[in-house]
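Notes to accompany the following structure.
One-based numbering along the sequence shown.
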Amino acid sequence: MRKNSIHREDIIEATIKLSAAVSLENVTTRKVAALLGISEGSIFNYFPSKSELLLSCFYYIDAYAEAAVLEVSMEGEDFFGGFRQLLNAYVDFFLQHPDYTKFYCQMRHSAYFESYRLAQDAPSFAALLGRMADYDPLLAPDSALSPMIGEIALGLALQIVCGVVPSSQEVRDKTFSLLCFGLQGPYATHL
């Protein structure tokens, strides 16, 4: 039995869920439609192509990740205290949404993302890095170091979600310590 009405968000959520289960390469609009119990043509009423659907899923997740980063209050924190809070908020968001984590990581490393990446990076990365740049301009979103910090935080969330490393404060602290050790060169005065 086919559903009578479908919303854009339903299609996005189903695509994310399917991608987490079968991988991004195996997602088809036909499979998404079957998951939702709708015709494949219904998807194209909202998204002109599979690429547009996947990019919309990415933007959808990224908007929530950006909001999580922007909610962090760093008032009264030193550089490393603020840095820790931002990274924890970013990682926490993805840990609370395992399907989002899997999709987001797959998408960031796919051919679908390349055309987007040529123009800009993800707004959540820019928010994360922009908040860190409030402490020091060397961590501005356009610096060479900044994208690596975002990728490491995202990679940690993926490793936890996939069960490669345990979800523990010890793992987070070790990751944070490694990042800070790497920052000791430019930030030795903050230690």
ask   = In Å and rounded to the nearest 0.5 Å, what is the CD1 to CZ distance from Ile61 to Phe103?
value = 5.5 Å
query = Would Val22 end up clustered with Val161 when hydrophobic side chains under 4.5 Å apart are linked, directly or stepwise?
reply = no
task = Please report the C-alpha distance between Met107 and Cys57 in whole Å, then the side-chain angles of each, then the deciding distance to 0.1 Å, and finally whether the side-chain contact (heavy atoms from CB on, under 4.5 Å) criterion is met.
result = CA-CA 9 Å; Met107 186 66 175; Cys57 292; over 6 Å; no
request  = Return yes if some donor-acceptor pair links the side-chain N/O of Ser42 with the main-chain N/O of Ile38 below 3.5 Å, else return no.
outcome  = no
key: Hphob cluster co-occupancy, Leu70 + Leu87, side-chain heavy atoms under 4.5 angstrom   = no
inquiry  = Nearest 0.5 angstrom please: Gln159 CD to Leu154 CG, how far?
reply    = 10.5 Å
inquiry  = Within the 4.5 Å heavy-atom criterion, are Val32 and Thr28 side-chain neighbours or not?
reply    = no
ask   = Linking I/L/V/M/F/W/Y whenever their side-chain heavy atoms sit closer than 4.5 Å, directly or via other members, would Phe93 and Phe83 fall into one cluster?
value = yes
request  = Please confirm whether the backbone N or O of Gln85 pairs with a side-chain atom of Tyr90, one donor and one acceptor, at under 3.5 Å?
outcome  = no
Test applied, side-chain contact (heavy atoms from CB on, under 4.5 Å); reference residue, Phe47; option that passes from Leu55, Leu54, Ile12 = Ile12
task = Heavy atoms only: give me the nearest Ala89-Ala68 pair and the separation to one decimal.
result = CB-O, 4.0 Å
Non-hydrogen side-chain atoms of Thr101 and Leu95 separated by less than 4.5 Å = no
request  = State, to 0.1 Å, how close Ile11 and Ile43 come at their nearest heavy-atom pair, and which atoms those are.
outcome  = CD1-CA, 4.0 Å
inquiry  = Quick check: closest heavy atoms across Asp99 and Ala20, and the distance to 0.1 Å?
reply    = OD1-CB, 3.3 Å
From CD (Glu151) to CG (Leu156), nearest 0.5 Å = 12.5 Å
ask   = Are the side chain of Glu40 and the backbone of Thr29 linked by a donor-acceptor contact shorter than 3.5 Å?
value = no
Any donor-acceptor pair under 3.5 Å from Asn26 side chain to Ser23 backbone = no
query = Between Arg84 and Phe176, is NZ or CZ placed under 6.0 angstrom from the six-membered ring centre and within 45° of the ring axis?
reply = yes
remark   = d(Ile6 CD1, Leu36 CG) to nearest 0.5 Å is 4.5 Å
inquiry  = Quick check for you: to the nearest 0.5 Å, what is the distance between Arg8 atom CZ and Asn45 atom CG?
reply    = 12.5 Å
Exam field: side chain Glu13 to backbone Glu9, donor-acceptor pair closer than 3.5 Å = no
request  = Treat each ILVMFWY residue as a node, draw an edge where side-chain heavy atoms are under 4.5 Å apart, and state whether Met74 and Val91 are in one component.
outcome  = no
request  = Give a yes or no on this: more than 12 heavy atoms of other residues, nucleotides or ligands lie within 6.0 Å of atom NZ of Lys50.
outcome  = yes
key: Heavy-atom closest contact (Leu35 atom, Ala14 atom, distance)   = CD2-O, 3.6 Å
query = Roughly how far, to the nearest 0.5 Å, is the CZ atom of Phe58 from the CD atom of Gln106?
reply = 12.5 Å
ask   = Do Tyr64 and His97 have side-chain heavy atoms sitting under 4.5 Å apart?
value = no
inquiry  = Under 4.5 Å between side-chain heavy atoms, counting indirect links through other Ile/Leu/Val/Met/Phe/Trp/Tyr residues: same cluster for Leu24 and Tyr60 or not?
reply    = yes
task = Take atom CD of Gln169 as the centre, draw a 6.0 Å sphere, and report whether it contains more than 12 heavy atoms from other residues, nucleotides or ligands.
result = yes
request  = Return yes if some donor-acceptor pair links the side-chain N/O of Ser19 with the main-chain N/O of Ile16 below 3.5 Å, else return no.
outcome  = no
Distance-only side-chain donor-acceptor flag, Ser73 / Glu75, under 3.5 Å = no
ask   = Can you find a heavy atom in the side chain of Lys174 that is under 4.5 Å from one in the side chain of Val171?
value = no
inquiry  = Any heavy-atom pair between the side chains of Glu52 and Tyr46 that's under 4.5 Å?
reply    = no
ask   = How about Phe94 and Tyr100: are their ring centres within less than 6.0 Å of each other?
value = no
ask   = Any side-chain heavy atom of Arg172 within less than 4.5 Å of one from Asp92?
value = yes
